[in-house]
Structures are given as C-alpha cells and as structure tokens.
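This report concerns only the one structure given below.
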Amino acid sequence: KMPGGGDGCFSAIANGRTFYYIATQNGNILRLVPQADYSLPYTWTVVTPSGATGFMFVAPYALDPNNSNIMYLAGGTEIWVNSDLSAIANFQNNTTTNWTGLTNTTVVGHNITAIGVSTSPANRLYYGNDNSQVFRMDNANVATGSTNPTDISDVSFPAASYVSCVAVNPRNADTAIVVFSNYNVLSLFFTGDGGTSWTSIGGNLEEFVDGTGRGPSCRWASILPTKNGIQVYVATSTGLYSSSAINGTSTVWALEGSSVMGNIVTTMVVTRASDGLVAVATHANGVFSAQAVTSVQTQHPALPLAFSLSQNFPNPFNPSTTIHYSIPDKGVVRLTVFDIAGRQVATLDEGEKPAGSYTAVWNGTSANGAQVASGVYFYRLESSGLNITRKMVLLK
C-alpha cells in the first residue's frame, strides 16, 4: 500500500523506477521514492504547480516517454509542462520549480480532459477537451521552446462530447485514436496522418452507424505496434475489445478475456511495445494482464530505407511549422528555406548526421531573426548528392 489517501486518480512510474507518481483529486500529484523493499516510509514531495488553478476532479497528466522527468499536466483549461521533475526538492507541498503554463493551449470555458505524448517524433503533444476538440502541438517541450497548437478537430466528431483518451502509436505519432466516452455518439476516431483527416472506426461497437443505440461507452484505447501493423485495444463499459484490422465503420472488434474478465466495465488499458504486454484496469474487479498473441515490432525502430522529406505540418501555417526528414546513410545534411524568388531565407539544419529520422521547426524568421512576410516558400533537403524540394505557405 502506497501513501496518499483520498480518491485515487492517475498514476505513473518513471523510467528505471526512479520515481513513482500517484494523484488524488483536484490535481494533487505526489512523487514517491520507495525503499528497496517498498516498505514505509517513502520519500515524498508534492509536484503540483502552485500557479495552476481550476483542476478537474480527476486531472490527467502524462510523463514524456522519451524523458520521464518531463510531465504534461491538464490544469483545468490549460496545459502545464515541467521540464525537469527531478529538480523538485523533497518534502514540500506544491512548487514553481521548472513548471510553465502554456497559455496558448487554453480554450476558455472548456477543460482539457485527455493527453497523449509521442515517442517518435519526440515532443509531439495531443490533447482533447470536454467540447469535442482535439489539438496537436509539435515541439511541446518548453526546454526547446513550444509552438502554438493546431486544432485538428473534425466535423465528424460528435458535438459537445467528452474526449476521454488520445492514444498515440509509440512507433509513429502520425497514428492516433481519439475516444469519446459519451453514450449514443460515435466513440472512436482514427488518424494516420497526424490529424489532417479522421475516420470513424467504432464498427460493431456501435449499434447504428450514427453511434446511437445500445453500443457500449468507450473509455480508453491503446495502440500496440506489431510486425504486421498495429493491434488496437479499447476499454469499454462491456469489457476489453481488440482489433488488428482498422477498417473504418467496418472495423470488427473482438472481446478479449471472455472467460476471465467477461463483460465487466473496463476503465483503462495500456500496452508495452517492447514485449507486447497488455494491462487493463476494471471497475472494482482488479487489474488483468496478458502478452499479446501477435509478435511485436523490435524495440528499436529500423533505420529509414530511403532519403525522404515530408510535407510540413501545418500547411499553411502561422507562426510555425514542423518538417520531418530521413536519411538512410550517414552524411552531411543541409535543410534550407528559400523565397519564391529563389533567395535563401533560413537554414534549419546543417551538419553531419548518422542515418535516421529528424525533425526541424521553422518559425517564419530569417537568418538574422527577423520575421518574414506572408507568402509561398520552398524548403530543400540536400545530402550525399541528393536533394528534395517542397512548397509551404506562411499566412499571417
């Protein structure tokens, strides 16, 4: 039994079990360091930002999967980010240490209800609220300077509904699922392009194609990468379901653990990409786990096979946009921006790099830091005698 008291909310364990985090109501988050045998007493401190207000009764938060000393927290209508939790002193209540409130994430009158953070590319944040809105923020880590969020909500989302989960593929953050927990609405939406487009994937979990009827309430989702694609798990009011063939409204969901769990209420499901572990929490019936029957991807994603430059996102953009590129071999890389007259405006990346996938952000400034005018610009990637050029539009 861990200390804390109150109504239990979200919990998390930092990489290497350096810290344990447990939360109680209204955003009270306790950081614990257990003894070797997990007996009392624990070393403790409260990491809740002292400047945050308006917490929901259950306030979601997430540790960054690439650096578990970074935390993203829903402080009511605003996202808060801590750039280094390990620097917070022990045995104190609330703190300002390393916390920053991202005021540009606020939608007045609507609470942030779900957070999803990506592994690759790093520092991509998805979040949703209680008004059917979903946002994406690239480069969300304040240590490197956060960008403005992009509203990636879709007209097909159910009106005035509650986003209970944003599940992100740990191997490819362009793949994500949004879960709406309301009854009598379309509950599940899938994107494979970072939120540019969305598809309803409720399939046989919906009685009728518009989401009405006796379909269960969906609470949570998790995406497990496999050698053949992805396996998706959804926790619902009638049990845990899974599918390995996402196919829009024709998606077929199968009940998991029918002889062990059955149709009990499940509230959350998480998966581990390294070994295929699946763990599901039920309402008052305990926690269950299993190994996925399908082979998972290797723990370390394969190196890119081709020289590639992705279309920037968002596009058009204001004030900043993100560019992803890949090189299959070690080489000198140069990523530059030109105006429509062919004049070089900025250099976004330059130098020798190992094979891999990379991200660059352009905030609409020239090499001397001055803001450039609205218009059409081109960005060019050069490496090992190869080059690719793409067009982007800056609107102010």
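The first residue of the sequence shown is numbered 1, and numbering continues consecutively from there. All figures in this text were calculated on a predicted structure; none of them were measured in a lab.
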**OP:** Quick one: which residue pairs count as a side chain to side chain donor-acceptor pair (under 3.5 Å) with a foot in residues 185-194, not counting sequence neighbours?
**Re:**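 Residue pairs passing side chain to side chain donor-acceptor pair (under 3.5 Å), neighbours aside: Thr191-Asp193, Asp193-Ser197.
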
Under a plain distance cut-off of 3.5 Å, with no hydrogens placed, do [Y] and [X] share a side-chain donor-acceptor pair?
X      : Y      : result
Asn98  : Asp84  : no
Thr113 : Asn111 : no
Ser237 : Ser217 : no
Asn90  : Arg31  : yes
Gln231 : Thr226 : no

Any [X] side-chain heavy atom under 4.5 Å of [Y] side chain:
X      : Y      : result
Val278 : Glu256 : no
Arg124 : Asp174 : yes
Phe313 : Ile152 : yes
Val178 : Leu188 : no
Val179 : Val234 : no
Ser384 : Asp329 : no
Asn204 : Tyr241 : no
Asn82  : Pro49  : no

ILVMFWY network linking [X] to [Y], side-chain heavy atoms under 4.5 angstrom:
X      : Y      : result
Leu224 : Val252 : no
Ile340 : Leu394 : no
Leu386 : Ile323 : yes
Leu186 : Tyr162 : no
Phe10  : Val47  : yes

**OP:** Indicate yes or no for a side-chain donor-acceptor contact from Asn184 to the backbone of Gly213 under 3.5 Å, with no hydrogens or angles considered.
**Re:** yes

**OP:** Would you please test Phe55 and Thr48 for side chain to side chain contact (heavy atoms under 4.5 Å, CB included) and show each step?
**Re:** CA-CA 11 Å; Phe55 285 110; Thr48 305; 3.9 Å; yes

Heavy-atom pair with the smallest gap, counting every atom of [X] and [Y]:
X      : Y      : result
Val269 : Ala235 : CG1-N, 4.1 Å
Tyr233 : Ala292 : OH-CB, 3.8 Å
Glu206 : Val185 : OE1-O, 3.5 Å
Asp339 : Val345 : N-CG2, 3.6 Å
Phe180 : Ser132 : CE2-CA, 3.8 Å
Ile223 : Thr175 : CD1-O, 4.1 Å

**OP:** Would you sort out whether Trp253 and Ile201 count as a side chain to side chain contact (heavy atoms under 4.5 Å, CB included), showing the intermediate values?
**Re:** CA-CA 10 Å; Trp253 297 94; Ile201 60 168; 4.1 Å; yes

Which residue pairs pass the ring pair (Phe, Tyr, Trp, His ring centres under 6.0 Å) test with at least one member in [range], sequence neighbours excluded?
range            : answer
residues 371-391 : Trp362-Tyr377
residues 96-128  : Tyr127-Phe135
residues 321-353 : Tyr325-Tyr358

With rounding to the nearest 0.5 Å, note down the distance linking [atom1] in [X] to [atom2] in [Y].
X      : Y      : atom1 : atom2 : result
Asn169 : Thr271 : CG    : OG1   : 9.0 Å
Leu381 : Arg334 : CG    : CZ    : 11.5 Å
Asp64  : Thr119 : CG    : OG1   : 8.0 Å
Thr266 : His283 : OG1   : NE2   : 11.5 Å
Phe307 : Ile388 : CZ    : CD1   : 4.5 Å
Thr321 : Asp138 : OG1   : CG    : 8.0 Å

Subject >> Qualifying residues under side-chain contact (heavy atoms from CB on, under 4.5 Å), relative to Ala122, sequence neighbours excluded >> reply: Asn66

**OP:** With sequence neighbours left out, write down each residue that passes side-chain contact (heavy atoms from CB on, under 4.5 Å) with Ser320, or none if nothing qualifies.
**Re:**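 Partners of Ser320 under the side-chain contact (heavy atoms from CB on, under 4.5 Å) test: Thr147, Val361, Asn363.
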
**OP:** Run the numbers on Ile327 and Val333 for side chain to side chain contact (heavy atoms under 4.5 Å, CB included), then give the verdict.
**Re:** CA-CA 9 Å; Ile327 55 173; Val333 169; 3.7 Å; yes

Subject >> CA sep, side-chain torsions, deciding dist, call: Leu85, Tyr21, side chain to side chain contact (heavy atoms under 4.5 Å, CB included) >> reply: CA-CA 11 Å; Leu85 293 164; Tyr21 297 90; 3.2 Å; yes

Original post:
Under 6.0 Å from the NZ atom of Lys396, do we count more than 12 heavy atoms belonging to anything else shown?
Top reply: yes

**OP:** Show your reasoning for whether ring-ring contact (aromatic ring centres under 6.0 Å, His included) applies to Trp198 and Phe190.
**Re:** CA-CA 5 Å; Trp198 294 92; Phe190 174 87; 8.2 Å; no

